[in-house]
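Remarks on the structure that follows.
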Amino acid sequence: MFAKEVYVRRRETLLAKMREAGQSGLILFIGNTEAPAQYKDNYYKWRQESCWLYYFGLDEPLMAATLDIDSGAETLYADDVDIDDIIWMGPQPSVRSKADSTGVEHSAPYGAVGNAVALACKSGRAVHFLPPTRYFNTMKLAALLPGAAPSEALIKAVVSMRLIKEDIEIEALDHACDLGIEMHSVARDAIRLGIVEQEIVGKMEGVALAKGWGAAFPTILTQHGETLHNHGHAAIIEPGKLLVVDAGVESNEHYASDFTRTYPTSGKFTTKQREIYQIVYECNELAYSLCKPGITYREVHLATARKMLESLSALGLVHGDLEEMLAAGIAGLFQPHGLGHNMGLDVHDMEDLGENLVGYDPDQTRATQLGLRSLRMARRLCPGHVITDEPGIYFIPALIEKFKKEGLGGNFVNYAKLEGYYDFGGIRLEDDILITPEGARRLGHGRLPISPEDVEAAMAR
Ligand code: GLY
């Protein structure tokens, strides 16, 4: 938890933004509760709701709060422990002291939040709330405010704050990235022919658990990198394959990191692998070099797509006019995802608040084209934005076949040559980037080896 003043200031800012937007009434926040896995007392790993963490910092279940936009009054709703709780989990600080630790003036039992909401509704006051992620909170909100919709004004105010990371958050993100780099280094050093992928996952996630809250999202470690989110880890590491490792650490402060590297399982790239790897590497570097305040991330995505098509054309996998290929969305055949996403307390920061409200400026419309339509962060870059830079090239036989059958690739795609890549897999290379007033910097101290030469050298050690 940061200092109390951080949360007090953030809530004051939020209230001011809501007033500036002409809003009145109550803001209702609901924290997460524990989610039972098999039975009530055996629950999934605890994780607090991110907006709650941002505005209150209290990392405990079953809490709610109201902020009164008109009077500025703030109330924390939570229950003090009873003797049964003390027997089960030991003595706990009082709710009053928890409220003090985050600078909230009033406190009340958890159940009283229902009365506060009911009273506001009865008086004709608006109750603003964010879209819930967990089912418990969905049901709680449905019971408190039947039929009510999340508040777009509140979403916009929250997004405007969380998108621009404060210095203390950047420090926390650097730390999460340092842990992510350590986790990936352990993974790289553990690659051995003949072992099960799961052994590597266990070792790398050990770092995440030993030094942080755990993995920031389910680790992707696969020799079938052409499947973007392959979470199976049962395969044996085979010679001559490419191993995609996409993973990050959530720090104890709950900030995320998210890196991807792709390794030749035998320690050296084949010529064919290296040709494609070099393209992805150059796209990663190009994206980083373009990142600076003023450019949109959509423009950066399109610049890397152009570069990718140009290089694939040099290999004879596509042919034709570059601009026409770009306009026809041919890059989506090879990279059917966006260049990156926002990152912060969530690895895909705030996507639960609505991808378009988070990742798109009001004057931007989301594309419908394969690849570009999956761009989760398209905004004009500003200092304080934290984004991922993660180009990839994938040879997905089913997608190539679909393009061929339905003529989606026009005359641009060399299907005969692509058949030689059906067992290639995929390559993705990802770094985490902070936009600064001058341009950008990669988060974390140091960088995981990424050039093909450096990757081979690191694997030889
Ligand atoms: N790195 C995993 C993801 O972006 O979903």
Side-chain angles (χ1 to χ4, degrees), residues 47 50 133 162-163 173 176-188 197 200-201 204-205 207-208 212-233 242-251 254-263 280 283-284 287-288 291 297 300-301 304 332 335-356 358-359 370-379 385-394 396 425-434 442-444 447-448 450:
R47 174 53 154 84
S50 293
T133 312
R162 282 184 57 192
L163 261 186
L173 283 158
C177 286
D178 286 344
L179 296 179
I181 289 169
E182 186 175 339
M183 177 206 220
H184 270 262
S185 304
V186 166
R188 185 194 59 236
E197 291 167 348
I200 308 173
V201 176
M204 65 193 287
E205 290 195 353
V207 175
W213 202 253
F217 55 93
T219 295
I220 298 164
L221 185 143
T222 179
Q223 295 159 95
H224 278 286
E226 77 279 10
T227 305
L228 301 187
H229 264 250
N230 192 342
H231 294 298
H233 304 136
L242 289 167
L243 182 72
V244 171
V245 183
D246 179 348
V249 175
E250 178 176 328
S251 68
H254 300 296
Y255 282 83
S257 57
D258 183 3
F259 295 103
T260 309
R261 289 294 183 267
T262 305
Y263 300 103
V280 181
C283 288
N284 173 295
Y288 177 63
C291 280
Y297 212 45
V300 181
H301 172 107
T304 58
Q335 185 193 290
H337 64 71
L339 181 62
H341 51 82
N342 290 291
M343 197 184 77
L345 280 164
D346 311 326
V347 65
H348 284 204
D349 212 25
M350 296 179 281
E351 279 182 11
D352 54 333
L353 301 184
E355 276 186 37
N356 291 350
V358 174
L370 181 66
L372 189 54
R373 71 175 176 228
S374 300
L375 181 63
R376 295 172 143 104
M377 168 55 169
R379 281 181 185 266
H385 279 159
V386 168
I387 51 180
T388 63
D389 164 13
E390 50 177 313
I393 293 181
Y394 314 87
I396 306 170
I427 294 175
R428 179 163 63 254
L429 297 173
E430 176 180 22
D431 294 315
D432 302 330
I433 291 179
L434 167 71
R442 295 189 181 95
L443 285 162
R447 191 181 182 201
L448 286 162
I450 187 166

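Treat the numbers as computed from the prediction; the structure is a model and nothing was measured. When a ligand or atom number is given, it counts from 1 through the structure's own listing order.
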(request) Give a yes-or-no answer on whether the side chains of Ser50 and Asp346 include a donor-acceptor pair shorter than 3.5 Å. (result) yes
(message) Only heavy atoms of Phe217, strictly under 4.0 Å: list the atoms of ligand 1 that pass.
(response) 1 (N), 2 (C)
(message) On a heavy-atom basis, I'd like to know which of His348, Arg376, Met343 is closest to atom 3 (C) of ligand 1.
(response) His348
(request) Using a strict cut-off of 4.0 Å, indicate which atoms of ligand 1 neighbour a heavy atom of Asp246. (result) 1 (N), 2 (C)
(message) Using the salt bridge (charged side-chain N to carboxylate O under 4.0 Å, His left out) criterion, which residues pair with Glu355? Sequence neighbours excluded.
(response) Arg366, Arg376
(request) Could you tell me which atoms of ligand 1, counted from 1 in the order shown, lie closer than 4.0 angstrom to a heavy atom of His229? (result) 2 (C), 3 (C), 5 (O)
(request) Would you please classify the geometry between the His254 ring and the Trp213 ring as parallel, tilted or perpendicular, with 30° and 60° separating the classes? (result) perpendicular
(message) Please confirm whether the ring centroid of Tyr297 lies under 6.0 Å from the ring centroid of His385.
(response) no
